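Encoded as structure tokens, the structure appears first; notes follow it.
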Amino acid sequence: QVQLVESGGGLVQPGGSLRLSCAASGVTLDNGAIGWFRQAPGKEREGVSCINGKTVNTWYADSVKGRFTISRDNAKNTVYLQMNSLKPEDTAVYSCAAVRWYGRYCSGDQYQYAYWGQGTQVTVSS
């Protein structure tokens, strides 16, 4: 059974930082792709970042480039999202998603992913 568990969300002031973790079980991340997505109230889910487990190629949404960094630890089967310089508009439920096989790259398209975590709330507010 595949399970993705996110952690690390919380309340942070504007300009602050958080690190999200996505721990996977039942699926190895070595050959697949892992993505982070977010959904704010009243808005559609959007891709934030992704990483290819084998090649380490990454992708970032324009809105987070230069502020967020995705990384993976294949030995721990875990992917991280380091979020710096957080803004109120980053407030959302953040979810990770995975697909077992994905070539050399990754995708910010949610429909490319087969497995999803439950999500973790990130609130940026003073």
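Below, all heavy atoms of this structure are taken into account, side chains as well, without hydrogens, waters or symmetry copies. The structure displayed is predicted, hence computed values, not measured ones. In this chain, residues are counted from 1 in sequence order.
Distance alone, capped at 3.5 Å, places no donor-acceptor pair between the Thr58 side chain and the Cys50 backbone. The closest donor-acceptor contact from the side chain of Tyr94 to the backbone of Glu6 lies at 3.5 Å or more, if one exists at all.
A donor and an acceptor atom, one from each side chain of Asn57 and Thr55, are located under 3.5 Å apart.
Among residues two or more places apart in sequence or in another chain, the salt bridge (charged side-chain N to carboxylate O under 4.0 Å, His left out) test is passed with Arg67 by Asp90.
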* For side-chain contact (heavy atoms from CB on, under 4.5 Å), just list the numbers for Arg72 and Val56, CA-CA rounded to whole Å, side-chain angles, deciding distance to a tenth of an Å, and then say yes or no. => CA-CA 8 Å; Arg72 96 277 187 260; Val56 204; 3.6 Å; yes
* **Residues Tyr113, Cys106; criterion side-chain contact (heavy atoms from CB on, under 4.5 Å); working and verdict** => CA-CA 10 Å; Tyr113 295 86; Cys106 64; 4.2 Å; yes
* Any chance you could lay out the side-chain contact (heavy atoms from CB on, under 4.5 Å) test for Glu46 and Gln39, step after step, and finish with the verdict? => CA-CA 6 Å; Glu46 63 174 353; Gln39 188 167 21; over 6 Å; no
* To do: Begin from the C-alpha positions of Arg45 and Gln110 and carry the test side-chain hydrogen bond (donor to acceptor under 3.5 Å, both in side chains) through to its verdict.
  => CA-CA 8 Å; Arg45 181 186 286 165; Gln110 61 179 308; 3.1 Å; yes
* Please test Arg38 against Val48 for side-chain contact (heavy atoms from CB on, under 4.5 Å), starting from the C-alpha separation and ending with a verdict. => CA-CA 7 Å; Arg38 67 185 181 187; Val48 175; 3.5 Å; yes
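Between Trp59 and Gly47, the shortest heavy-atom contact is CH2-O, 3.7 Å. Of all heavy-atom pairs spanning Val12 and Leu86, the tightest one is CG1-CD1, 3.6 Å. Closest approach of Tyr60 and Thr69 over heavy atoms only: OH-CA, 3.4 Å.
The number of heavy atoms from other shown groups lying within 6.0 Å of CD (Glu89) is above 12.
Grouping the Ile, Leu, Val, Met, Phe, Trp and Tyr side chains by contacts below 4.5 angstrom, directly or via other members, places Phe37 apart from Phe68. Each of Leu4 and Ile34 belongs to its own hydrophobic cluster when Ile, Leu, Val, Met, Phe, Trp and Tyr are linked at side-chain heavy-atom distances under 4.5 angstrom.
In this structure, SG in Cys96 is found 9.5 Å from CD1 in Ile70, a value given to the nearest 0.5 Å. Here the straight-line distance linking atom OG of Ser21 with atom CG of Asp73 works out to 10.0 Å at 0.5 Å rounding.
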Taking distance alone, no hydrogens or angles, what donor-acceptor pairs closer than 3.5 Å link side-chain atoms of residues 74-81 to residues at least two apart or in another chain?
residue	atom	partner	partner atom	Å
Asn74	ND2	Gly53	O	3.2
Asn77	OD1	Leu29	N	3.1
Asn77	ND2	Ala24	O	3.1
Asn77	ND2	Val27	O	2.7
Thr78	OG1	Lys76	O	2.9

Identify every side-chain donor-acceptor pair in residues 115-126 under 3.5 Å, counting partners at least two apart or on other chains, and give the distances.
residue	atom	partner	partner atom	Å
Tyr115	OH	Arg100	NE	3.3
Thr120	OG1	Gly9	N	3.3
Gln121	NE2	Ala92	O	3.4
Gln121	NE2	Thr123	OG1	3.3

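When side chains are defined from C-beta on, Trp36 does not count as touching Ser95, because their heavy atoms never get closer than 4.5 Å. Using a 4.5 Å heavy-atom cutoff, the side chains of Gln82 and Ser71 are not in contact.
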